[in-house]
Amino acid sequence: MDRWDVLALLGIGLLGAGLWLIAPWLALTAIGGLLLVIGLAFSVLAEKAAARQQLIDAKRGG
């Protein structure tokens, strides 16, 4: 579990808490959703970078 997974998990938690509290905590819900999107996006980018590095290493023969 890397930092982006933790960020996405935090976003999911805040989103759930905000939806549970509905109106007064609408900002909490919005921030949770934003953290979720950021966490997922950077997680995907990190996975792509790792796959790209594996391809580069395979081409070099090591």
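Remember, predicted model here, so these are calculated numbers, not experimental data.
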Practice task
Check Ala8 against Leu36 and note the closest heavy-atom contact, atom names and distance.
Solution key: O-CD1, 3.6 Å

Practice task
Run through Gln53, Lys59, Gln54 and flag the one making a side-chain hydrogen bond (donor to acceptor under 3.5 Å, both in side chains) with Asp57.
Solution key: Gln53

Exercise for the section: Start with the C-alpha distance between Ile38 and Leu34, add both sets of side-chain angles, then the distance that settles side-chain contact (heavy atoms from CB on, under 4.5 Å), and finish with yes or no. Expected result: CA-CA 6 Å; Ile38 291 170; Leu34 182 62; 3.9 Å; yes

Practice task
Can you measure from CD1 (Ile56) to CZ (Arg52) and round to the nearest 0.5 angstrom?
Solution key: 7.0 Å

Exercise for the section: Flag yes if Leu45 and Leu10 sit in one hydrophobic cluster, no otherwise; membership is Ile, Leu, Val, Met, Phe, Trp, Tyr, and two members link when side-chain heavy atoms are under 4.5 Å apart. Expected result: yes

